[in-house]
Trainee: 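Before we start, here is the structure in question, set down as structure tokens.
In listed order, ligands and their atoms are each counted from 1.
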Amino acid sequence: MNRFVIEGGIPLQGEVKISGSKNACLPIIAATLLAPGKHIIHNIPQIRDIRTMLRILELIGSKVELLGHTLSIDTSLANNPYAPYELISTMRASFLITGAMIGRFGEAHISRPGGCAIGPRPIDEHLHGFKMLGIKIKEEHGYLHLSSNHIIEGKVYLNEQSVTATENILLATATQQAETHIINGAMEPHVMELIKFLNLMGANIKLKDDIIIVIGNSLHPIEYTISADYIETGTFIIATAITGGEVTLIDAKYEDSIAEITKLQEIGVQIEKVSNGIKVKMSSPIKSCNIKTAPYPGFPTDLQPQITSLLAIANGTSIITETMYEQRFNHILELARMGAEIEIEGRNAIITGVKELSGTKVMASDIRGGASLVIAGLAANGITEISRIYHIDRGYESLETKLSQLGAKIKRV
Ligand code: EPU
């Protein structure tokens, strides 16, 4: 099994290209099913989660070709509305295919997703949303069978601002020649990007205050380029800050990252919008601060583990409140092994900044928690060895190559 071996203490310097957004790309790949024909999508990140989604599209009957970062996908002959446990269980976001199957075939037969390392991640909001659209749902032997033999429309009120539940409702309704209102839907940049993609294919989806209004249509295939990943952007800003470096993040979108940029500036990081992306410099001591995760435009839960590593060596005490996932603190036990002083009280992590972290053997247990250990390793005294890095590979393209280009001493062994 691969591991990362990192020798810490080197300030990151130079330029790094931010890859296409994983969480925009996943629903967009599912959305290609809605318009039979050949789509070309550029700036696809080369990561495991994307390969999992492509396997599902192939299984449904699409022709898939990924050359470098460009995907050619022909969904003309797709005809199999079935997604098995083997694929759904490796990536919860595969459940996004449900809305796309309903939109294309009027039915979906899909395994219920299983457990997840960052805590209970229910799908009740997805199912509640589908039911509000009049879709019939039966469940047997761990499989959900959804069917609709009429135009689906209406008002869907989500109790939780779930990203993938909002995307599933968008996918189920974008081809219906009817009007649907999604109330309390998620507003993350990747949800907005799915809306943009669906509109370019011919849908008519608008925002009125915080209501998403979908007027569906028959859709056509398009050529599209995925935007830069704002969570990868945040990860590189934090990696630069913890090493006291200076890095330009090529293609990064400042506007998508306002919440985290504001907090990082409070911590002392200099961040500026430049013509080709975002420039980051850290030349002052790390200040402590309090952070509460929240749906967009709040501070993203997907950057909570990474910023925890930074605050572990801040001057003073910080409190991080994780409001989205009750078990998204697995990385903290690993950071403690590196000398961090962090106490967990319910949903709060109370971080007493220490002078330095020290390298040791640690283990990744999810994508972002894994990234937080890499960040800690970049600043730690001595050698950090991170196992189970397949979690990191699910969401970050060539992380070690990008960090090496910035001067870090990191090897995959
Ligand atoms: N929730 C429910 N019921 C549901 C669905 C969600 O109660 O049916 C609650 C969850 O318990 C949680 C909140 O709603 O408190 C948000 O969960 P959500 O459903 O939004 O998560 P998700 O859509 O499955 C996406 C991202 C995650 C990211 C979350 C939160 C994708 C493919 N995944 O997941 O990304 O953490 O939104 O922003 O977009 C990652 O990239 O590493 C990752 C985990």
Trainee: Can you confirm whether the side chains of Q306 and H331 place a donor and an acceptor under 3.5 Å from each other?
Mentor: no
Trainee: Is it true that D229 and K22 make a salt bridge, defined as a side-chain N closer than 4.0 Å to a carboxylate O?
Mentor: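 K22 and D229: not salt-bridged.
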Trainee: Is there any N or O on E188 that sits under 3.5 Å from an N or O of ligand 1?
Mentor: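 No, since none of the N or O atoms of E188 sits under 3.5 Å from an N or O of ligand 1.
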Trainee: Run down the list P295, P113, P122 and name the one with the heavy atom closest to atom 4 (C) of ligand 1.
Mentor: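 Shortest heavy-atom distance from atom 4 (C) of ligand 1: P122.
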Trainee: Taking the minimum heavy-atom distance to atom 44 (C) of ligand 1, which of R328, R92, E160 ranks first?
Mentor: R328
Trainee: How are the rings of H126 and F95 set relative to one another: parallel (under 30°), tilted (30 to 60°) or perpendicular (over 60°)?
Mentor: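 Rings of H126 and F95: perpendicular, as their planes differ by over 60°.
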Trainee: Report the C-alpha separation of Q304 and F329 in whole Å, then their side-chain angles, then the decisive distance to 0.1 Å, and conclude whether the side chain to side chain contact (heavy atoms under 4.5 Å, CB included) test is met.
Mentor: CA-CA 9 Å; Q304 176 265 107; F329 281 147; 3.9 Å; yes
Trainee: Could you give the side-chain donor-acceptor pairs of residues 52-59 under 3.5 Å, partners two or more places apart or in another chain?
Mentor:
unit_1, atom_1, unit_2, atom_2, d
T52, OG1, R48, O, 3.1

Trainee: Can you list the ligand 1 atoms lying under 4.0 Å from a non-hydrogen atom of K22?
Mentor: 40 (C), 41 (O)
Trainee: How far is atom 35 (O) of ligand 1 from its nearest protein heavy atom, and which residue and atom name does that atom have?
Mentor: D302 OD2, 3.0 Å
Trainee: Is the closest N or O pair between I367 and ligand 1 shorter than 3.5 Å?
Mentor: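 By distance alone, the answer is no.
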Trainee: With heavy-atom distances below 4.0 Å as the criterion, list the atoms of ligand 1 near M324.
Mentor: 12 (C), 15 (O), 16 (C), 30 (C)
Trainee: Among all protein heavy atoms, pick out the one at the shortest distance from atom 21 (O) of ligand 1; state its residue, atom name and that distance to 0.1 Å.
Mentor: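 It is Y325 OH, 2.9 Å.
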